[in-house]
There are 2 protein chains.
Amino acid sequence: MGQNSVIPKRCRGRPQIRPDEETLELVVEAAAAEFQANGYASATMCNVAQRAGISTKTMYRLIPRKADLFKKVISDRIGQFMLQVDPAELDKYDLADAMERMLVSFGSLTLSEETIALLRLVIGESERFPELAAAFHEIAVVQTTNAMAGWLERQCRRGALKIDNPVLSASALRGMMTMDLQRSAMLGLAAAPTPDEIRARAKFCAGLFLNGCQSAGE
Amino acid sequence: MGQNSVIPKRCRGRPQIRPDEETLELVVEAAAAEFQANGYASATMCNVAQRAGISTKTMYRLIPRKADLFKKVISDRIGQFMLQVDPAELDKYDLADAMERMLVSFGSLTLSEETIALLRLVIGESERFPELAAAFHEIAVVQTTNAMAGWLERQCRRGALKIDNPVLSASALRGMMTMDLQRSAMLGLAAAPTPDEIRARAKFCAGLFLNGCQSAGE
DNA sequence: TATTTTGGAAAACGGCAAGTTTCTAAATCA
DNA sequence: TGATTTAGAAACTTGCCGTTTTCCAAAATA
């Protein structure tokens, strides 16, 4: 039985150049480029096939609908959005440094060229593909917010922070860190920020979040 | 000369039902609804004419290209984005209240159904219409940020705040106030927030911005 | 070599939507 | 009333694109 699945059952006729899975992978990569370059409506299946270096016939055998191809492109890429927050690792640093590091991770994730292109596509097509919008939100927003909120809560238990609503605080933190940078990039008005820019903004946001900016108390 | 321009020069033939300007206004409103409902690519000129209650012939006489119609819809609506920050008015309140009020104004502006629909359109079509993206950014982002930054700077001069970079701080403040709410709405996952929700978030953000959340100093 | 299976190029098909045109009715002046 | 000008409905043209199909060369087995 193990042998059956390993040994390729050679049959008559011209053999496939690649297994279908590999060809499909080529198609999905080509489609990602095409959709990102032109958006859903203006992307054409002919272009996708050309980018992939195969004929439309072969492409349609593997993935018969444009809408399905789009869904596959998006959902394959949504999986990248896991924000790794390792509390034990972060505990090695003092509070401000730890928060800064968390924000750098988060910023690098959400401000990459690829993420921004993906988000632009999902927003633009959220009417036509609401299930993609929901999936994106669940993974890229809810889960990363929860990861940050969990870390905040941990700091509260340690007595380092005093927060009533960690989820709300995490949401605010995300917003101050990435909103403007992400939107400028989505609108095509700025390149995705460099690591240095991300670090600088993380440092600023950590300071603001922890200390506020009121001069009265100082 | 004044009379010449006031007296309508009646000429032979069937008179227009409305002056062209009014008809064009109908078209633009109809187009706004159509674009918001379907996006640029899926909106059809036939639907626009139907919504406006006119024929395609009349519509094309007034605005010959779909792309031009889209530009007109968007740029007509970009003008609404002036954030009014009246320092004299805000000075009547204490710092936290004043900031809360400013954030409520800002939130009401940027989190309305209409603004969110507009932003979604601009983002989705920023490849095809980069000049619209640039105009939107200048008016809706740069100018409102500057208005907020100006107010922050004023508070610094009064000694109420201590801020190195008011523009960066304003950007952070905007982000924490609106990012998540706006994105959920843009993705179609939540309705635009109610005035109560906006007020609550403004209060939270003002507190966080002014005081931070570190418990060590308390 | 004959048969079988595969992939590619390109034509064909069908529908849709941008933009045009034709035809007719309405409304006004001479 | 007749000439003139305009609006609108609907048919039409045109071209694009998703999808299917045809035809043929390549590559394997028997």
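Note on naming: letters A, B, ... go to the chains in the order of the sequence lines (proteins, then strands), and numbering restarts at 1 for each one.
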> Under the side-chain contact (heavy atoms from CB on, under 4.5 Å) test, which residues partner B/Ala133, sequence neighbours left out?
A/Leu187, B/Val122, B/Ser126
> Does a side chain donor of either A/Arg174 or A/Thr144 reach within less than 3.5 Å of an acceptor in the other side chain?
yes
> What is the distance, rounded to the nearest whole Å, between atom CD of A/Glu34 and atom P of D/dC17?
10 Å
> Rounded to whole Å, please give me the gap between CG in A/Asp20 and C1' in C/dG7.
11 Å
> Using heavy atoms and a sub-4.0 Å distance, could you list which residues of residues 35-63 of chain A are near DNA chain C? By number, please.
A/Gly53, A/Ile54, A/Ser55, A/Thr56, A/Lys57, A/Thr58, A/Arg61
> More than 12 heavy atoms of other residues, nucleotides or ligands under 6.0 Å from CG of B/Asp164: is that the case?
no
> Atom CZ of A/Arg18 and atom C1' of C/dT6: how far apart are they, to the nearest Å?
12 Å
> Over 60° means perpendicular and under 30° means parallel, so classify the ring planes of B/Phe35 and B/Tyr40, tilted if in between.
parallel
> Regarding B/Arg201 and A/Ser171, do their side chains bring together a donor and an acceptor under 3.5 Å, going by distance alone?
yes
> Could you please spell out the steps behind the salt bridge (charged side-chain N to carboxylate O under 4.0 Å, His left out) verdict for B/Glu127 and A/Arg120?
CA-CA 10 Å; B/Glu127 293 279 340; A/Arg120 178 163 46 194; 3.5 Å; yes
> Reckon A/Arg65 has a side-chain N or O less than 4.0 Å from the OP1 or OP2 of D/dG18?
no
